[in-house]
Number of protein chains: 2
Amino acid sequence: MPENKSARADRILDAAADLLLRWGYRRVTIDEVAKRAGVGKGTVYLHWRSREALLMAVLLRESVGMFTAVAEHVRRDPDQVRLSALMSALYLESSARPLVLALYTKDTETLGTLVQTSSGTQVQGVKLVTFEEYYHLLREHGLLRADVSNDEVSYACAAVLFGFFTMSQLAPAEFAQPREQEAGMLAGVLRARFEPPRPSKRAAEALAPKIVSLLEDLATQYHELIYRPDISEGG
Amino acid sequence: MPENKSARADRILDAAADLLLRWGYRRVTIDEVAKRAGVGKGTVYLHWRSREALLMAVLLRESVGMFTAVAEHVRRDPDQVRLSALMSALYLESSARPLVLALYTKDTETLGTLVQTSSGTQVQGVKLVTFEEYYHLLREHGLLRADVSNDEVSYACAAVLFGFFTMSQLAPAEFAQPREQEAGMLAGVLRARFEPPRPSKRAAEALAPKIVSLLEDLATQYHELIYRPDISEGG
DNA sequence: GTGTGACCAGTTTTGAAATCTGGTCACAGG
DNA sequence: CCTGTGACCAGATTTCAAAACTGGTCACAC
C-alpha cells in the first residue's frame, strides 16, 4: 500500500467526474470508474456505500471548490460580501464548473435523480440553512433594504439566480452574452432591489470574516460528507 | 352543414386542449380528438395541415387569451403599461393558464417538441419582436432608466421572468407563495432595476393605447396562425 | 489487514412481432 | 360540384421474452 487513501479517493472521484460529464448519470458504471482509477471494483465500495453516494461525492467536491472560491473572493475584498457581489461571484464560479451548473439547471441527463434522493435533499437543506443565515447576517449588518422582508429576499433572490442560470443555458444563440456581462446584469438586479442605496463599507468589512467562516464551515461539512459518507451507519 | 366552420374549429381545439392537459403531448391522438369533437378524422385535416399544427393552434389560442387579458388590464388602467406592472400581469395571467405556463416552464411532457419546431420558433420570433418593440416604446416614453441599455432590459427581464416561472413550478413546498405575492415580488424586482425612480403618469397614459394595439396586433397575428395555418403553402 | 474480482440477483437492453397512429383519398351524401 | 368521412397504408411505437449488463457482496489472495 504505497499510497495515501485520500489520494486514492480523489483519483476515484476524478474518474467518476470525468465519466459523469462525458456520458451522463445513467451511463456511469462502477466497473468503468474503478478501471479508470486503477483500482478494483470492491475498493470503490471501501470508500462509498453505494453508487449514488459516490456520484453525490463528486458533486459535493465540485461544490466545495465553488464555495471555497467564493470565500476567497470575499476574503480578498470584503466589499464582495454584499448580496449582489456574492451572488454574482457564485454565478460566475458555478458557470465555470459544469457539474455545479448542471446542479443549478436541474440537468437530469447529467445528474439523474441525485438531487431528489434523501441524501440529496439533506445536502440541499444544509446549503439552504447557510443561505438563510447569510441573509440574516446581511440584515443584521444593515446590508439589506429595510422595506424588503427576509422571506422575500430568500424567494425572489433564488428566483432571479435561477432565472439567470436557465437563461444562459437555453437562451437562443442571438441572446447569448459573455458570462461576465450576465453576472453584471444579475448583480445589477439584486443591488437595485435588495441592497440599501448607500451600503456601508464598514459594515461589509465587519461582516466579511463571518461570511468567510460560514462558507468555510459549509465547505467543511461537505468535505465530511464526501470522504465519510457512512458516518451515520446502522440507522 | 348546419354549423359554423369557426365553431367547429373551436370545438376541435377544445377537445385537443383537454386531451393535451389530461394526457400530455405524446398521448394526444387525432382519432381521439376527432371523436371528442364529434367529427370525422379527415375533417381535422380540413382545418390543420398536421397534428403538430393542430397542437400549436391550441397553444396559440391560449396565448391569445392571455395577451388579450393583459391588454384589457392596460386598457382599464394605463399605469399598468409600466414594465413591472405589465410583466406582473403577464405572470399572473400565464399562471392561470396551464398550457401557457407549460410554455414558459418548458414542460416537455405537456408540450413535447412543439416549441422547437420551425413554426414554433417562428411564433416565438413574432412574440420576441413584439417585446422588443414594447421595450423600445417604453424607453421612448421615458419609462425605462436611462442607465440600463435595451439589450440589458431584454436579457435580464427575460431571465427574471423565467426565474419566477420555474421557481413557482419546482420550488420545494416550504417555499411556496401565493401567486399574487410572487407577482408582487416580480414587480418589485423589475421596478427597482428597470424603471425610473418617479415614472411619469402622463407618459404611461400616452403609451398605454399604443401597447394595447401592439398586444392586439399580436393577438390578431396569432389568430391568423390558428385558423389559417396553411396560408403560406407550396414553399 | 487490505484489496480484489468472480459471482449473484435484479434490472436494463435488445430485437422482432404485434399494435397503433398520422396522414391520404376514393367515395358517400347532398 | 362540394363537403365530410373513415378504411387504408407506411412508418412509428409498443410489447415481451431472451440475452446482456451492473450494483453490490464476500471468500480469498497477498
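Just so we're on the same page: letters track the sequence lines, and every chain starts at 1.
Sorted by first and then second residue, the pairs that involve residues 93-121 of chain B and meet salt bridge (charged side-chain N to carboxylate O under 4.0 Å, His left out), not counting sequence neighbours, are B:Glu93-B:Arg97. Identified under the ring pair (Phe, Tyr, Trp, His ring centres under 6.0 Å) test for residues 101-124 of chain B, with sequence neighbours left out: B:Tyr104-B:Phe165.
Remark: A:Arg26 engages no residue in a salt bridge (Lys or Arg N to Asp or Glu O under 4.0 Å) (not counting sequence neighbours).
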Q: List the protein contact pattern of nucleotides 19-24 of chain C with one symbol per nucleotide (5' to 3'): B for base contact, S for sugar-phosphate-only contact, - for none; contact means a heavy-atom distance under 4.0 Å.
A: --SBBB
Donor-acceptor pairs are to be reported for all side-chain atoms of residues 51-58 of chain B against protein atoms at under 3.5 Å, with residues two or more places apart or in another chain.
unit_1: B:Arg51; atom_1: NE; unit_2: B:Val28; atom_2: O; d: 3.2
unit_1: B:Arg51; atom_1: NH2; unit_2: B:Tyr25; atom_2: O; d: 2.7
unit_1: B:Arg51; atom_1: NH2; unit_2: B:Val28; atom_2: O; d: 3.1
unit_1: B:Glu52; atom_1: OE2; unit_2: B:Ser119; atom_2: OG; d: 3.3

Would you list the atom pairs, donor with acceptor, under 3.5 Å between side chains in residues 169-180 of chain B and any protein atom, with sequence neighbours excluded?
unit_1: B:Gln177; atom_1: NE2; unit_2: B:Phe175; atom_2: O; d: 3.4
unit_1: B:Arg179; atom_1: NH1; unit_2: B:Ser168; atom_2: OG; d: 3.1

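Distance B:Lys5 NZ to D:dC2 P: 12 Å, rounded to the nearest Å. Rounded to whole Å, atom P of C:dG3 lies 11 Å from atom CG of A:Asn4. Put simply, CG on B:Leu46 is 13 Å from P on C:dC25, counting in whole angstrom units.
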